[in-house]
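In this text, all values refer to a predicted model and were calculated from it rather than measured experimentally. So you know, we letter chains A, B, ... as the sequences are listed, proteins then strands, and number each from 1.
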Amino acid sequence: MLTNLNNAHTGDLVEVSGMIHNVRVTKWGGFIILRKSRGLLQTVVGDRSQFFNEQGEPVAMSDLCREMAVTITGKVNEATIKDPAAFYNTLEIAVDKVTILSRPSTTEVVDMNSLKFGDEETLLRYKFDNRQVTLRNPRDMAILKVQSTIAKAFADYLTEEGFTQIFTPKIVSEGAEGGANVFKMDYFGKQVYLAQSPQFYKQIGVGVYERVFEIAPAYRAEKHATSRHLNEYISLDVEMGFIKGQEDVMNLEADLLRSIIERVGTVCDHELKLLNATLPVLPANVPMWKLSEVHEILFNEHLTEDHRGEDDLAPEEERAICKYAAEKFGSDFVFVTHFPSQHRAFYAMDDPKDPSLTLSFDLLMRGLEITSGGQRIHREEEYREKMTRRGMNPDNFRFYLDTFKNGMPPHGGFAIGLERITACFLNIANVKEASMFPRDINRVAP
RNA sequence: GGUGCGGUAGUUCAGUUGGUUUAGAAUACCGGCCUGUCACGCCGUAGGUCACGGGUUCGAGUCCCGUCCGCACCGCCA
């Protein structure tokens, strides 16, 4: 069976299998639109076409319906297909034979063809209630194909750069922040948690492999209901040793993203066109401001309310500074650095020039925070001192602190939210649409 | 947790100031037609406990209260 059908096969007799996405009947025959892994393939029914059911008995074309699994043999012809969902848009198959392999048990299959996208917010419920089928919509397929490509490009680039992929536990005894927004669960009578971040383990990984990354779920028990939050999301985590400062981490992330953008541009051309998406612009010098500078710029330029003195960016500011960076510097990305110490996790290294600030950064893209990162503390005593200052009991983190007790290089890292970066690449309003099966406060199925 | 908007055929929506026999349209499904369509088109059939519960009224899809659910925004975060 062919897996790579292209115009080099013009004139050949080929066999292709797929699901019937649509059937258009005319008096002279019609069209069977097959759905393949990357999109649609048009086949043309004519006088010579024959149809067979699962038992090999001849049947009529009118027996065909949507979501049947079929194998079609026929000749490849050149054609111009206008449907943007057609992955094979320069060829079609003149049908000799259609064999039904399997059929749905109802003709009223879930309608995934007439789904709307973009601002049509109210249909999200229907889409997610029937996600197992609505995923077959070519545009949903395209979103997750781009996501898959992002994850692959992430792993490939980092592997090239000497990083080792690690796999860390998601059942943990203590949350990374020691905070309240973790899911609790019973573990043979003992209370444990779902990991909200692989932070501890990826730092441990640096002591082993110098440079590590992980692609894995993270869990947040926050009762938020926004278009940018999930209670289970895929975290693209990076941690690297022997850094001279957090700039090394930021530069690596910029290079990594450049590589991902390039890969998506070449591999997912069809998906980008179908979704009408424009890839983000990442200039050689990404705009970079301290948090306090962002507050000042936005206030002085009269772009937002006065947020000076606040210890984080308001969502309004995230959108405004990104707009500002796009207009003034032609960048879809903005680094924001030096967040106040009390606002960041205990493992963030304080700025020696101003201990009230940390050597930490966020990366914003098109108005949304897609990354948090920074340099970490690498000496045990510093951890103990900072944890005690915060009212945390260092003894609860013994396995973690033992890592530093036994020696660790200066290091830092970051994490990218996979659903967020996918949604930002594709200008999708709600990150849930960039999740195969989103988990939110009211949804754990399908 | 807070604020706002919403819940009407399988789906997406319209439904005027509370009042017209049977609550409409598009789409999907089913039947028929169509010489190349591409969200194909045309004709027809069928499809509804107007989210649920209570209230006001001669009369409620429409007004009021409660509950449940959805979306957006905020706090928070990736």
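Taking the side chain of A:Arg220 as heavy atoms from C-beta on, and the options B:C77, B:C34, B:C71, the nearest nucleotide is B:C77. Taking the side chain of A:Ser227 as heavy atoms from C-beta on, and the options B:C73, B:C71, B:C77, the nearest nucleotide is B:C73. Of the candidates B:G10, B:A72, B:G36, the closest approach to any side-chain atom of A:Phe31 belongs to B:G36. Closest to the A:Ser372 side chain, of the nucleotides B:G36, B:C40, B:A78, is B:A78. If you check B:C77, B:C38, B:C71 against the side chain of A:Arg420, the one that comes closest is B:C77. Among B:U12, B:G75, B:C77, the nucleotide with an atom closest to any side-chain atom of A:His229 is B:C77. Here the side chain of A:Arg24 is nearest to one of B:C38, B:C77, B:C73, namely B:C38. Relative to the side chain of A:Arg319, the nucleotides B:C34, B:G75, B:C73 differ in distance, and B:C73 lies closest. Out of B:C74, B:C34, B:G36, the shortest distance to the side chain of A:Val25 is found at B:C34. Comparing atom distances between the A:Asn430 side chain and each of B:U37, B:G1, B:A72 picks out B:A72 as nearest.
A donor-acceptor contact closer than 3.5 angstrom is absent between the side chains of A:His295 and A:Glu310. Side-chain contact of A:Thr337 with A:Gln246: a donor-acceptor pair under 3.5 Å is absent, judged by distance alone. Checking A:Lys75 against A:Thr73 by side-chain atom types alone, no donor-acceptor pair falls below 3.5 Å.
Using a 4.0 Å heavy-atom cutoff across all strands shown, A:Ala79 reaches no nucleic acid atom at all. Within the 4.0 angstrom heavy-atom criterion, only backbone atoms of the sugar-phosphate kind lie near A:Arg66; the bases stay farther away. Heavy atoms of A:His343 sit under 4.0 angstrom from primed sugar atoms or phosphate atoms, though from no base atom. Looking at heavy-atom distances under 4.0 Å, A:Thr106 makes no contact with the nucleic acid at all. As judged by a 4.0 angstrom heavy-atom cut-off over every strand, A:Leu418 is placed among residues making no nucleic acid contact. Counting any heavy atom pair closer than 4.0 Å across all strands shown, A:Val110 reaches no nucleic acid atom. Residue contacts shown for A:Glu232 are absent, as no nucleic acid heavy atom lies under 4.0 Å away. Using a 4.0 Å heavy-atom cutoff across all strands shown, A:Thr80 reaches at least one base atom of the nucleic acid. Within 4.0 Å of A:Ile370, counting heavy atoms only, lie sugar-phosphate atoms of the nucleic acid but no base atom. A:Asp312 comes within contact range of the sugar-phosphate backbone alone, with a heavy-atom separation under 4.0 Å but no base atom that close.
No hydrogens or angles were tested; on distance alone, a donor-acceptor pair under 3.5 Å links the side chain of A:Glu318 to the base of B:C77. On a pure distance criterion of 3.5 Å, a polar donor-acceptor pair joins the side chain of A:Glu92 and the base of B:G36.
A straight line from CD of A:Glu67 to P of B:A28 spans 14 Å, rounded to a whole angstrom. A:Tyr126 has its OH atom 17 Å from the P atom of B:G70, to the nearest Å. Look at CD on A:Glu317: it is 14 Å from P on B:C77, rounded to the nearest Å. The interatomic distance linking A:Leu364 (CG) with B:C77 (P) rounds to 14 Å, in whole Å. Between A:His307 atom NE2 and B:C74 atom P the separation is 10 Å, expressed in whole Å. Regarding A:Lys223, its NZ atom lies at a distance of 20 Å from the P atom of B:C74, rounded to whole Å. Summarising the geometry, the separation between CG on A:Asn137 and C1' on B:U12 is reported as 14 Å, rounded to the nearest angstrom. In this structure, the CZ atom of A:Phe361 is 16 Å from the P atom of B:C77, given to the nearest Å.
Checked against a 6.0 Å centroid threshold, the rings of A:Tyr400 and A:Tyr383 count as neighbours.
The aromatic rings of A:Phe31 and A:Trp28 sit perpendicular to each other, their planes meeting at more than 60°, with 30° as the lower class boundary. Taking the six-membered ring for Trp and thresholds of 30 and 60 degrees, A:Phe361 and A:Phe414 have ring planes inclined between 30 and 60 degrees apart.
The 5' end of RNA chain B is approached more closely, in terms of each residue's nearest nucleotide, by A:Ile441 than by the other of A:Ile441 and A:Pro84. Both A:Val109 and A:Thr371 sit near RNA chain B, but only A:Val109 has its closest nucleotide nearer the 5' end.
Here the separation of B:G41 from B:A28, taken at their P atoms, is 7 Å to the nearest Å. Atom name P, nucleotides B:U45 and B:C50: the rounded distance is 24 Å, in whole Å. Comparing the P positions of B:U56 and B:G15 gives an interatomic distance of 28 Å, to the nearest angstrom. A gap of 31 Å separates the P atoms of B:C65 and B:U22, to the nearest Å. Going from the C1' atom of B:C29 to that of B:A51 covers 24 Å, rounded to whole Å. Taking atom P on both B:U16 and B:G2, the two are 32 Å apart, rounded to the nearest angstrom. For B:C30 and B:G10, the C1' atoms lie 14 Å apart once the distance is rounded to whole Å. With both ends at atom P, the span from B:G48 to B:U57 equals 33 Å, rounded to whole Å.
With its ring centre under 5.5 Å from that of the base six-membered ring and a plane angle below 30°, A:Tyr233 counts as stacked on B:A78.
Taking a pair to require two hydrogen-bonding distances under 3.5 Å in either a Watson-Crick or a G-U wobble arrangement, B:C73 pairs with B:G2. A 3.5 Å limit on both hydrogen-bonding distances identifies no Watson-Crick or G-U partner for B:G48. The partner of B:U22, taking Watson-Crick or G-U wobble pairs whose two distances both stay under 3.5 Å, does not exist in any strand shown. Nucleotide B:C40 forms a pair with no other nucleotide shown, judged by Watson-Crick or G-U wobble geometry with both contacts under 3.5 Å. When Watson-Crick and G-U wobble pairs are counted only if both distances are under 3.5 Å, B:U27 pairs with B:G10.
Here OG of A:Ser49 is found 7.0 Å from CD1 of A:Ile32. Values are rounded to the nearest 0.5 Å. Rounding to the nearest 0.5 angstrom, the gap separating the CG atom in A:Leu426 from the CG atom in A:Leu279 is 8.0 Å. Rounding to the nearest 0.5 angstrom, the gap separating the CD1 atom in A:Ile150 from the SG atom in A:Cys268 is 8.0 Å.
For A:Asn22, a side-chain nitrogen or oxygen approaches OP1 or OP2 of B:C40 to under 4.0 Å. An OP1 or OP2 oxygen of B:C34 is reached within less than 4.0 angstrom by no side-chain nitrogen or oxygen of A:Thr26.
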Item to check | Trace of the side chain to side chain contact (heavy atoms under 4.5 Å, CB included) decision for A:Arg38 with A:Glu271 | outcome: CA-CA 8 Å; A:Arg38 293 291 292 278; A:Glu271 283 78 9; 2.7 Å; yes

